[in-house]
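Below is one structure, written out as structure tokens; the observations come after it.
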Amino acid sequence: MTRFDGEVSPAFEIVEPAEWRAPVIFNSPHSGSTYPDEFLSASRIDLPQLRRSEDSFMDELIGHLSGRGFPTVRVNFPRSYVDVNREPYELDPRMFTGRLPSFANTRSMRVAGGLGTIPRVVGDGQEIYRDRIAVDDALARIETLYKPYHRALRRLINKVHQMFGTVVLVDCHSMPSVGVSRDEPRRPDIVIGDRYGTSCTPLLPDRVEETMTGLGYSIGRNKPYAGGFITEHYGNPASGLHAVQLEFNRAIYMDERRRERGPRFGQVASDFGVLADVLATTIPFGDLGPFQAAAE
């Protein structure tokens, strides 16, 4: 259990299956909705506006998969408070009082956009904080929330790797149905991100696309989302570690304005189960282990 600001909650939850079907992990890092009181007090925008950054209900869409033989991971704190899909210290010095550690990455594109490890803005660009926050507060969030999540995720990945010789991490997100720019074309139902072919075997996104297209979804690849820190950091095909990011268009499963489950919510959850079953039964996991050097 993790205590933050008078509220007690598990910061994240990992549910392992009673019987493992395959080395496939389903992860939801951005669906958290437990907002600390002090965070709400420090925010210049209200809770409904803060919640625009959430991948609402994604944890529910994958939650049933643990009963089908697949481990699931969910984060309960909001990404607007701490974003685990960033480097540990992507921090904007303009946000803080006090000196950032010398190793902080203050110049990344994500920091420039206000979406670092401690975000400055929510998804639609609104500033979160009334005033600067203490550096010590930011570092405490990283120590008590960000780092324990990644340690636990690494332990799970290592466990699966030892059990099966390979791992497939499916990082599950949702995206607004309409982009910020008017020039952006209509977004597909699902965007598959594999860091432009570097985070996993090509078979994995191909199989996801075949399966979801067959279920009636429109598919995009790597644009506008190619995969964040989790996909890039944990995807290492040469070591038998494969990571793919799935961005679901929120309009297909929820009412974006009211933030309520939509009429297709149950169907989308069911289709996640179909996808999991297809991956478990058609991916040749024995061929996805660490690459072996050729004998001399």
Side-chain angles (χ1 to χ4, degrees), residues 1-13 27-63 73-86 90-92 94-97 110-111 113-146 148-149 172-180 225 228 247-263 265 268-269:
M1 304 291 280
T2 298
R3 176 183 295 276
F4 45 94
D5 309 301
E7 296 170 89
V8 178
S9 172
F12 53 87
E13 297 170 78
N27 180 49
S28 176
H30 282 166
S31 51
S33 58
T34 299
Y35 286 78
D37 288 338
E38 61 84 19
F39 178 49
L40 296 176
S41 298
S43 174
R44 67 196 303 171
I45 57 178
D46 60 19
L47 181 58
Q49 291 171 308
L50 284 170
R51 296 197 67 192
R52 291 178 183 173
S53 286
E54 289 177 21
D55 290 349
S56 294
F57 311 120
M58 184 53 63
D59 53 344
E60 295 182 30
L61 290 172
I62 67 171
V73 185
R74 61 184 286 181
V75 170
N76 292 327
F77 53 87
R79 67 177 298 191
S80 54
Y81 188 62
V82 182
D83 192 339
V84 298
N85 199 25
R86 299 290 181 261
E90 284 189 89
L91 299 171
D92 186 344
R94 296 171 297 173
M95 292 179 58
F96 307 107
T97 57
R110 292 181 286 222
V111 168
L115 296 171
T117 316
I118 308 295
R120 178 172 53 83
V121 302
V122 289
D124 57 0
Q126 294 187 83
E127 296 275 343
I128 295 174
Y129 296 96
R130 289 194 188 90
D131 304 301
R132 293 190 178 207
I133 60 177
V135 163
D136 288 347
D137 178 18
L139 298 180
R141 297 184 201 181
I142 293 168
E143 290 296 327
T144 60
L145 298 172
Y146 179 102
Y149 161 79
C172 303
H173 298 258
S174 68
M175 59 185 173
S177 58
V178 179
V180 176
Y225 303 104
E247 290 272 1
F248 276 67
N249 190 316
R250 291 173 193 157
I252 68 176
Y253 72 87
M254 65 179 280
D255 183 316
E256 292 179 272
R257 185 175 62 84
R258 296 182 178 179
R259 199 163 298 281
E260 298 174 350
R261 298 166 191 80
F265 186 87
V268 174

Validation row: [X], [Y] side chains within 4.5 angstrom (heavy atoms):
X	Y	answer
D137	R141	yes
H173	M58	no
L50	F39	yes
S56	M254	yes
N249	M175	yes
D55	F248	no
T34	Y81	no
V121	Q126	no

[X] and [Y]: which non-hydrogen atoms are nearest, and at how many Å?
X	Y	value
F57	Y253	CB-CE1, 4.1 Å
V111	L91	CG2-N, 3.7 Å
D83	G116	CB-O, 3.8 Å
R120	G113	NH2-C, 4.0 Å
F96	A134	CD2-O, 4.3 Å
I252	V268	O-CG2, 3.9 Å

Using 0.5 Å steps for rounding, measure from the [atom1] atom of [X] to the [atom2] atom of [Y].
X	Y	atom1	atom2	answer
F12	F77	CZ	CZ	8.0 Å
R79	T117	CZ	OG1	11.5 Å
L40	E38	CG	CD	8.5 Å
I133	I118	CD1	CD1	6.0 Å
R110	L115	CZ	CG	9.5 Å
S28	E54	OG	CD	10.0 Å

>> R52 vs E256, test: side chain to side chain contact (heavy atoms under 4.5 Å, CB included). Steps then yes/no.
In response: CA-CA 9 Å; R52 291 178 183 173; E256 292 179 272; over 6 Å; no
>> side chain to side chain donor-acceptor pair (under 3.5 Å) for T97 and R132? Distances and angles first, verdict last.
In response: CA-CA 6 Å; T97 57; R132 293 190 178 207; over 6 Å; no
>> With a 4.0 Å cut-off on N to O distance, would you call R257 and D255 a salt bridge?
In response: no
> Is any side-chain N of the basic residue among E60 and R261 closer than 4.0 Å to the acidic one's carboxylate O?
Replying inline: yes
> Would you say S43's side chain and Y129's backbone share a donor-acceptor pair under 3.5 angstrom?
Replying inline: no
> With no hydrogens and no angle check, is any side-chain donor or acceptor of R130 less than 3.5 Å from a backbone partner on S41?
Replying inline: yes
> Step by step, would you call V75 with S31 a side chain to side chain contact (heavy atoms under 4.5 Å, CB included)?
Replying inline: CA-CA 7 Å; V75 170; S31 51; over 6 Å; no
> Should R250 and S174 be marked as a side chain to side chain donor-acceptor pair (under 3.5 Å) after you check the CA-CA gap, both sets of side-chain angles, and the distance that decides it?
Replying inline: CA-CA 6 Å; R250 291 173 193 157; S174 68; 2.9 Å; yes
> Going through the distances and angles, do N85 and H30 end up as a side chain to side chain contact (heavy atoms under 4.5 Å, CB included)?
Replying inline: CA-CA 8 Å; N85 199 25; H30 282 166; 3.5 Å; yes
